[in-house]
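Only one structure is covered here, and it is reproduced in the block below.
These numbers come from the heavy atoms of this one structure, side chains and all, not from hydrogens, waters or symmetry mates.
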Amino acid sequence: MSTGILSAMAQEQAGLAAHLDGMRVERYAGREFQVGRWHGREVVLALSRIGKVAAATTAAALIERFGVSRIVFTGVAGGLHPDVRVGDTVIGTEFVQHDMDASPIFPRYEVPLYGRSRFLADAELSRCLAQAAQGVVQDESVIDAATRARFGLGGPMRIHHGLIASGDRFVSRSEEAAALRAALPDAMAVEMEAAAVAQVCHDHGVPFAAVRNISDRADDQAHVDFDAYLHEVAGRQARALIAALLPLLPA
């Protein structure tokens, strides 16, 4: 069984390819796909690029061209729920497009002709992600104390499970974040890709799960050194998490 690992940006997958045995690079649909084995598992790494359409295109290519058996999305997101802090991990249980609105023909958020607004994560794949994430957040060697202090990551990093909202705009204003919290009070985090990938996986019957490191609170206080956070926190955590996840998956 082959696992597709998706991220939107190169920094979110930095260092993953170095772990692939027998890696080869294939180009398809204007993208590079890195194919190899890690912990004896077949893995395909790909960058979705940013936004729902780009993510859906890449997910479809992973399924149709490379025949992956499951897809895991890893990257950063903005925290929405009051309990979610910068540095925390969110594992999606379901996904919604917060900018989907075909009303009055269909209810707000409902994907036309699907009869639903939310797509579910695969329960078993998400359970494996949670198990892997638990070990990573408890391992102080992944993100050391000095790095945590530099980025103001006070207290232990926590894991949350819940709704992830996706939309084709970068949420970075307090008013917009507040409006999303009011409209979707159970949303844990906001980003730009996962709901689209979840819909593609639903269409193809492919298990999907997503994990997001919270880089900011999706408001005017968003972290000022985003690139440094990606490199020193989110990227390190992603490498550790995928390394811990793969041995848990069926070969």
Nearest non-hydrogen partners of Gly79 and Val84, listed with the distance: CA-CG1, 4.1 Å
Does the side chain of Thr74 come within less than 4.5 Å of Leu6's, by heavy atoms? no
Check the surroundings of atom CD in Glu140: do more than 12 heavy atoms from other residues, nucleotides or ligands lie under 6.0 Å from it? no
So the salt bridge (charged side-chain N to carboxylate O under 4.0 Å, His left out) pairs with at least one residue in residues 107-117 (sequence neighbours excluded) are none
Starting at CZ of Arg31, measure out to CG of Leu62 and round the result to the nearest 0.5 Å. 10.0 Å
Measure up the Phe226 and Phe170 rings against each other and bin them: parallel (under 30°), tilted (30 to 60°), perpendicular (over 60°). perpendicular
Mutual orientation of the aromatic rings belonging to Phe151 and Tyr229 [parallel < 30°, tilted 30-60°, perpendicular > 60°]: perpendicular
Check ion pair Asp99-Lys52 (N to O, under 4.0 angstrom): yes
Basic-acidic side-chain contact under 4.0 Å: Glu193, Arg49: no
Has Ser166 got a side-chain atom pairing as donor or acceptor with Ala195's backbone, closer than 3.5 angstrom? yes
Under a 4.5 Å cut-off applied to non-hydrogen side-chain atoms, are Val44 and Ile5 in contact? no
Hey, are Gln97 and Gln199 close enough side-chain-wise for a donor-acceptor pair under 3.5 Å? yes
Does any pair with a residue in residues 67-97 pass ring-ring contact (aromatic ring centres under 6.0 Å, His included), and if so which ones, sequence neighbours excluded? Phe95-Phe208
Would you give the length of the straight line joining atom OG of Ser215 to atom CG of Asp88, rounded to the nearest 0.5 angstrom? 12.0 Å
Side chain to side chain contact (heavy atoms under 4.5 Å, CB included), paired with Ile164, selected from Arg118, His98, Glu94, Glu191: Glu191
